[in-house]
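Comments concern the structure below.
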Amino acid sequence: MKKFDRVSEHYDNFMKLFNFNKMNEIKDALELRGDEVVIDMGGGTGSLAEYISEGCRVVYVLDESKGMLSKVKANTKVVPILGDALDITFDSSSIDVVTMVDVLHHIENQPRLIEEIYRVLKEDGKLLILDFEKNHIKTKILRAFEYILFGKLYFRTSKEVINLIKDRFTIAKFIDNKYYFIIIGEKNA
């Protein structure tokens with residue numbers, strides 16, 4: 001997602017303009033206890049990490065884009081990490097929560113991504129995915145716009161995402177908001 005370097009200056013404003021920031025819904029869905037170690041996969045500018053950081057021990061913002069990570073307001077609770085989602089540099093069973101917000105459709109090898117997330121999550125770990133319903137008209141418009149900026153995309157329906165993760169995660173929560181959805185999966189033993 002190094003292509004995001006070229007949009008890093010305007011990314012947060014774009015998200016606000018089109019009301020793509022769903023931080024309250026994400027925070028509510030996560031039900032954080034305050035002691036979690038979180039990876040915000042593809043966390044970009046760190047706006048979500050900053051928003052949820054008071055509710056956890058630390059949030060690592062993992063992203064391939066140096067430009068996006070340069071916007072992160074780093075501190076002891078929000079830590080930017082340049083890296084690849086398919087090869088996470090964390091130990092196995094070391095993370096409490098992984099969030100992927102507006103990320104999944106940018107990753108071609110989604111089964112490998114889910115394997116890697118499963119690997120780093122602790123036994124009772126949670127995965128939150130927020131993405132856009134592939135066949136909704138708003139998503140089709142977004143897809144056209146993002147294709148121009150970033151090239152090939154890999155959108156799925158919410159049912160397809162559930163199928164993608166169901167062998168490794170129990171679906172604990174499914175929130176259907178028509179053009180986007182939130183899925184919380186709990187790691188299977």
Side-chain angles (χ1 to χ4, degrees), residues 1-2 4-5 8 11-12 15 20-131 154 161 164-165 168-173 175 181-189:
M1 281 191 261
K2 295 173 185 168
F4 276 85
D5 284 346
S8 62
Y11 185 79
D12 285 339
M15 295 299 282
F20 288 144
N21 284 332
K22 306 299 179 189
M23 290 189 254
N24 284 333
E25 291 174 65
I26 293 164
K27 189 174 182 180
D28 290 346
L30 283 174
E31 299 177 13
L32 297 167
R33 299 179 313 267
D35 61 346
E36 291 92 351
V37 174
V38 178
I39 296 177
D40 186 14
M41 191 83 64
T45 64
S47 57
L48 174 62
E50 184 179 353
Y51 187 77
I52 65 171
S53 66
E54 290 307 311
C56 33
R57 187 179 330 149
V58 63
V59 183
Y60 295 101
V61 181
L62 180 74
D63 207 290
E64 287 184 346
S65 169
K66 288 180 183 178
M68 295 292 270
L69 288 175
S70 73
K71 305 299 178 198
V72 174
K73 295 175 185 161
N75 58 56
T76 57
K77 294 191 86 162
V78 177
V79 179
I81 296 178
L82 185 65
D84 182 348
L86 299 178
D87 187 22
I88 306 167
T89 58
F90 285 84
D91 292 336
S92 296
S93 302
S94 62
I95 302 298
D96 297 296
V97 177
V98 171
T99 60
M100 285 195 310
V101 177
D102 188 16
V103 172
L104 186 63
H105 64 268
H106 291 282
I107 308 289
E108 181 176 10
N109 193 345
Q110 294 174 357
R112 173 72 183 110
L113 173 67
I114 298 307
E115 285 176 27
E116 187 65 356
I117 291 168
Y118 183 85
R119 181 190 67 77
V120 299
L121 280 173
K122 292 180 180 176
E123 192 172 305
D124 59 347
K126 290 194 289 191
L127 165 63
L128 177 140
I129 298 173
L130 183 152
D131 218 327
Y154 309 94
V161 173
L164 175 69
I165 70 171
R168 297 187 181 271
F169 295 89
T170 300
I171 306 305
K173 213 177 266 188
I175 302 167
F181 55 87
I182 298 174
I183 297 170
I184 300 258
E186 294 176 350
K187 183 177 177 177
N188 293 337

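What you see below is based on every heavy atom in this structure, not just the backbone, and it leaves out hydrogens, waters and symmetry mates.
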Point to revise | Audit row: Lys173, Glu31, side chain to side chain contact (heavy atoms under 4.5 Å, CB included) steps and yes/no | key: CA-CA 11 Å; Lys173 213 177 266 188; Glu31 299 177 13; 2.8 Å; yes
Practice item. Test side chain to side chain contact (heavy atoms under 4.5 Å, CB included) on Met23 and Val101 and set out the steps. Key: CA-CA 10 Å; Met23 290 189 254; Val101 177; over 6 Å; no
Exercise for review: Report the C-alpha distance between Lys66 and Leu82 in whole Å, list the side-chain angles of each, state the deciding distance to 0.1 Å, and finish with yes or no for side chain to side chain contact (heavy atoms under 4.5 Å, CB included).
Suggested key: CA-CA 7 Å; Lys66 288 180 183 178; Leu82 185 65; 3.6 Å; yes
Practice item. For Leu86 and Ile107, run side chain to side chain contact (heavy atoms under 4.5 Å, CB included): C-alpha distance rounded to whole Å, both residues' side-chain angles, the deciding distance at 0.1 Å, then the answer. Key: CA-CA 9 Å; Leu86 299 178; Ile107 308 289; 4.2 Å; yes
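In this structure, Ile171 and Ile165 have side chains that are in contact, with non-hydrogen atoms separated by less than 4.5 Å. Phe169 has its side chain out of reach of Glu186: every pair of non-hydrogen atoms, C-beta onward, lies at least 4.5 Å apart. Side-chain contact between Thr99 and Leu30: present, with at least one pair of heavy atoms (C-beta onward) separated by less than 4.5 Å. You'll find the side chain of Phe181 reaches within 4.5 Å of the side chain of Val161, heavy atoms only. Side-chain contact between Arg168 and Leu127: absent, with no pair of heavy atoms (C-beta onward) separated by less than 4.5 Å. Side chains of Thr45 and Asp63 form no contact here, defined as non-hydrogen atoms less than 4.5 Å apart. In this structure, the side chains of Ile114 and Leu164 come closer than 4.5 Å at one or more pairs of heavy atoms.
Nearest heavy-atom pair, Val78 versus Ser53, reported as atom, atom and distance to 0.1 Å: CG2-CB, 3.6 Å. Taking every heavy atom of both residues into account, Val59 and Ala49 meet most closely at CG1-CB, 3.4 Å. When every heavy atom of Tyr118 is checked against every heavy atom of Lys187, the shortest pair comes out as O-NZ, 2.9 Å. Residue Pro80 comes nearest to Leu69 through the heavy atom pair CB-CD2, 3.9 Å, listed as atom of the first residue, atom of the second, then distance. A pairwise comparison of heavy atoms in Ala85 and Met41 identifies CB-SD, 3.4 Å as the closest pair.
The distance from the CG atom of Leu128 to the NZ atom of Lys27 is 14.0 Å, given to the nearest 0.5 Å. Residue Ile175 holds its CD1 atom at 12.0 Å from NZ of Lys22, rounded to the nearest 0.5 Å. Considering NZ of Lys77 and CD1 of Ile52, their distance stands at 10.5 Å, rounded to 0.5 Å. Atom CG of Asp87 sits about 12.0 Å away from atom CG of Leu113, to the nearest 0.5 Å. Going from atom CD of Glu116 over to atom CG of Leu121 covers 10.5 Å, rounded to the nearest 0.5 Å. The CD1 atom of Ile39 lies 8.5 Å from the CD1 atom of Ile117; values are rounded to the nearest 0.5 Å.
In this structure a side-chain-to-backbone donor-acceptor pair under 3.5 Å is missing from Asp40 to Val61. Although no hydrogens or angles enter the test, the distance criterion places no donor-acceptor pair under 3.5 Å between the side chain of Tyr60 and the main chain of Val37. At least one donor-acceptor pair under 3.5 Å links the side chain of Arg119 to the backbone N or O of Phe90. Checking side-chain atoms of Lys126 against main-chain N and O of Ile184 turns up no donor-acceptor pair under 3.5 Å. Glu36 places a side-chain N or O within 3.5 Å of a backbone atom of Gly34 that can act as its donor or acceptor partner. Formation of a donor-acceptor pair under 3.5 Å by the Gln110 side chain with backbone atoms of Leu104 is found in this model. Judged by distance alone, with hydrogens and angles left aside, the side-chain atoms of Lys71 form no donor-acceptor pair with the main-chain N or O of Gly44 at under 3.5 Å. Without hydrogens or angle criteria, Lys73 side chain to Glu50 main chain gives no donor-acceptor distance under 3.5 Å. At distances below 3.5 Å, at least one donor-acceptor pair connects side-chain atoms of Asn188 with backbone N or O atoms of Thr170.
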